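The block underneath contains the structure these notes are about, expressed in C-alpha cells.
Note that the structure is predicted; figures quoted are calculated from it, not measured. Convention: sequence-line order gives letters A, B, ...; per-chain numbering from 1. All values below were derived from every heavy atom in this structure, side-chain atoms included, with hydrogens, water molecules and symmetry-related copies excluded.
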Amino acid sequence: MTESTMPIASIRDLRIHFRSKAGVVHAVDGVSFDIRRGETLGLVGETGCGKSVTARSLLRLNPMPPGIHAGGTVEFRGAGELPVELTGVDESTLRAIRGNRIAMIFQDPGKALNPGLTVREQIAEVFYQHRADELLDDIGLTDRAGLVRTLIAREASLRSRWIERGLLRVPPLRAHRAALRRAVDDRVTDALAETQIPNPRAVMDRYPHELSGGMRQRVMIAQALACNPDLLIADEPTTALDVTVQARILDLINDLQRRHDTAVLYISHDLSLVRRVCDRVVVMYAGKIVETGPTEDLFANPSHPYTRGLLAAIPSASHQRGALAAIEGTVPELVDPDPGCRFATRCGFATPMCETTDPGLAPVAADHEVACFIHHPVPGGVGPAYEKAAT
Amino acid sequence: MTSVGSHPTETGRRDVVLAAREVAKHFPIKEGVLQRVAGHVKAVDGVSFEIRRGQTLGLVGESGCGKTTLGRVVAGLSEPTAGAVLFDIDSETLAAYDGGSSVGDIETAHKVDALTGDAYRRFRRNCQMVFQDSFASLNPRHLTIDIVGRPLRVHKEASGSGLTERVVELLEQVGLGRQHLYRYPHQFSGGQRQRISIARALALDPELIVLDEPTSALDVSVQAQILNLLHELQQANDLTYLFITHDLGVVRHMADHIVVMYLGTVAESGPTSAIFENQHHPYTKALLGASPDVDAAEEFTGLEGSVPDPAHPPQGCRFHTRCPVATARCGWEVDDVVRWIEDEPGAAGRLAGVKRDSAFAAELAFDDAATAAVVVDAIRSGRIHASMPEAVLKAESRDSRVDVEFGAVPDVELSVRGPGHVAACVHESLLDL
C-alpha cells in the first residue's frame, strides 16, 4: 500500500477499561477500525456504548487512572510523517499532534471554550503552540540570531517568563512584539473567516458568553481547524444546537473538510444525521462494534438486530402512534461482562449459543461487516435467524 | 389496567381542557444598584390556543422561542403578565368569552391565576408537569416512594400501607415495579428516571399533563419506549397532553395539533397533517427542511442568522430578519440596518449613535462621511436585503449622518389558511415561491 491509500488512523483491538467500586468496567472491549484519508466516518451508538471513549483514545484524553489501557493499539499516520503509535508515545510527541495533526470539536461549546478568555486568546493559543516558527517568518525574523529572536521566539511559543515579557515592553523590542501580535491577529481573523463568522475582527474581542450557541460552535471549529489537521474528531458537534443552526454547522464542517481534505470521525447518536453526513458508519453497542459498512449499504441493508432496532425506533410519518418499535430492556452492565454477544439480553432472535459465544465481526458484503450469528457460519448448535423468530 | 384514584371531582366532561387567550409573559430586565427596570424580555407575547379532551397539542420552536415559559404559565408555575389561561371550559362558554360576554364570571370560574380555594386545588391536581431533565427534577435525597407518593400525601389521598400500594400500582403503570420503591434517583438510568417523573405526574389522576421535552435527553431506543408508554397511558386514562419539543419527528408522531412558535408568538398553528403537508409560514418550512429524516433523501438546509433579542423583537413579522422570502411588507426597520452595520467589516465600530424617532425612523451618526455614504448605498441598492429599497421612504446622508425612514408596517396577524389552520405570513401561499 502506498502512503496515500493507507488509512490515516488504525485502531486495533482497543480495550479501555475503568476501575470502579463495583469492579472493572469494560467500556471499550476489542474495537478495531480504520479511518481513511479524507473520509467522514460515523461512530454511532447509544449513551454509554463507548463511542466517546474510543474517540478520546485517539488523543489520549481518557483519564488514567481510573482508566486502564488494557490492550490494543492506535496507529496514526499524519501526511508525510512516520506512523505513530498513540497509546505508547511520550507526552511531548503527543502534544505536537494534539490540536495540530488531530483536532477535536466537543459537544457543548459553552463548556469547551474557556469562559475567561476572549475568542482571540483561545484561537491564538493554537498558533502559539504549533506555529511559533511560522509566526517568526511572518514578522520577518527568520535568520536574525541574537536576543531579539530568542525573546520573540519564546514569546511566540508561550514560554516567556515575566522578566522576558517585561523586556519585550521596552521600546526597541516593543515593535517586534506588536508585529507578533499583528501576525497572530491576522491568522486568527483568517481562521474565523473560514467558518463564515461575519465580521471576525469584532468577534475576536468577545468572550464566549457573548456569543450564541451556533457562533460558539463556529469558534470551536475555527480553533480545531486552525492548524489544518489531518483528522478531525467531532463529538456530537450539533447536539446542543437548534435544528436550524445544526444544518448550517454540518454544511460548514463538510465544506471545510472537502477543501482541506481532512478525515472526520463523526460521533453521534442520531442516525438520520449520520446518514446525511458520513461515508462509512461504525455502529457500537456496549463497548463492541456490532456492524460497520458504507452508509448507503448499511442503511439499505441493516444486518445486525441492534442496527435494525435503532432504525425502527426513530419516529416517522409511517409509524402508527404508540407503535414505535422500541428495543426493550436496557444496556447491560459492563462490569465483568459475559463472554457471549452483548446484545443477546435484548435481542428478539437470541439463541442459547448467543449467550455463550461472541460472534465477532465477519463480512456480509463488500466492506460491510456484522457481528451476529444470523449472518455467520455457526460453530456448533443452532444459530438464530430472522425467519425463525418471525414465526 | 387498574385505575388510579377515584377521587370526587367536579371537573366533568367539558370538552376544552385548556384554552390560552393572548397569553403574555414578560420578564423585567433590571439594571444598576437600584435594580431599575430597563426593559422587558417578551418571552411569550400574545399566544392563543386550546386543547381538547384526549388530544395532544404539540408546541414546537427553537430554543429561546418561549415554549418552555408558555408551558410553565399554562401549568400555573408562573403567572401570565397579560391574557388568560382558562381551564376546563366547554366550547360554548369559550365562544361567549371570545365574544366578550360575561368575561368576569367566566374568568372567576376558569381563569387559572384567578382561581382560589378548592377550585385552585382542583386545577393543581388536574394539571401536572413532566420536565426535560429528570435528574434535576427529582430530589436526589428522596426515595422513589417519597417522590411518587408526595402528591398523594399532599392531597391526603393515601397514607401508610395504602400509600405504598398506590405507589406500586403507579410504578407498574409506567413499567417499573415494587423492587424500585426504595431506591434513589441516581440508581436509575435516564429512561427509568423519566418513568418515575411520569408516575409522579400520574399520581393524582390528572386531566392534563404538560410534557416539557420529555425525551430530549434520552437515546432513540429509550425515547421510543417512553413515547409508546405515553400513548398507552393517554389511551387508558383519557389524558390530554401539551407536548413541548423541538423535535419535529417526535411531534409529528405524537401530536394531533401543532403550534409553531417563533420569538414569543405563534407563527403557524394547525392540525398535524396540514402543517406537515402544506406549510404556510416560511419558518415552519425552514424548521421542517432543517430536521433530517432518516427515510427522506432530500437535502436539508438551515437558516441564516440567529434568533433576535426578545427584548426588542423585530417589527412587522418577527421572522423577517431571517426569512428567505421576505418582502417589502414584512417590516423592515432601523434595527435591521444597525444589525447589518455591526456585522459589516469596514462599517462596524464606526456607528457613533442612533437617535430613534420610532422603530421605523432614525438618525444614524457615524465617525466619518464615507461610512455614511456606504450605508446609504447599502440601503438603497438592496445589499442589506433585496426587498429593502422598496420599503424605504427616506435614506439620505448629511455629512456623517444618515436619515433613514421606512414605511411603518403593523404586526402580521394570524390569518386562516384551512380548517383549524392559521399562519402569520404576508404570503397567501408558499407553494409557488
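Residue pairs meeting the side chain to side chain donor-acceptor pair (under 3.5 Å) criterion with at least one partner in residues 215-226 of chain B, sequence neighbours excluded, are A/Glu46-B/Ser221, A/Thr47-B/Asp219, B/Arg195-B/Gln225, B/Glu213-B/Ser216, B/Thr215-B/Gln223.
In this view, B/His253 satisfies the ring-ring contact (aromatic ring centres under 6.0 Å, His included) rule with no residue, not counting sequence neighbours.
For the pair B/Gly249 and A/Pro315, the tightest heavy-atom approach, listed with the atom from each and the gap, is O-CB, 3.8 Å.
Surrounding CD of A/Glu210 are more than 12 heavy atoms belonging to other residues, nucleotides or ligands, all under 6.0 Å away.
When each of B/Ala255, B/Ser189, B/Gly191 is scored by its heavy-atom pairs under 4.5 Å with chain A, the top score falls to B/Ala255.
Of the atoms belonging to B/Gln235, not a single heavy atom falls under 4.5 Å from chain A.
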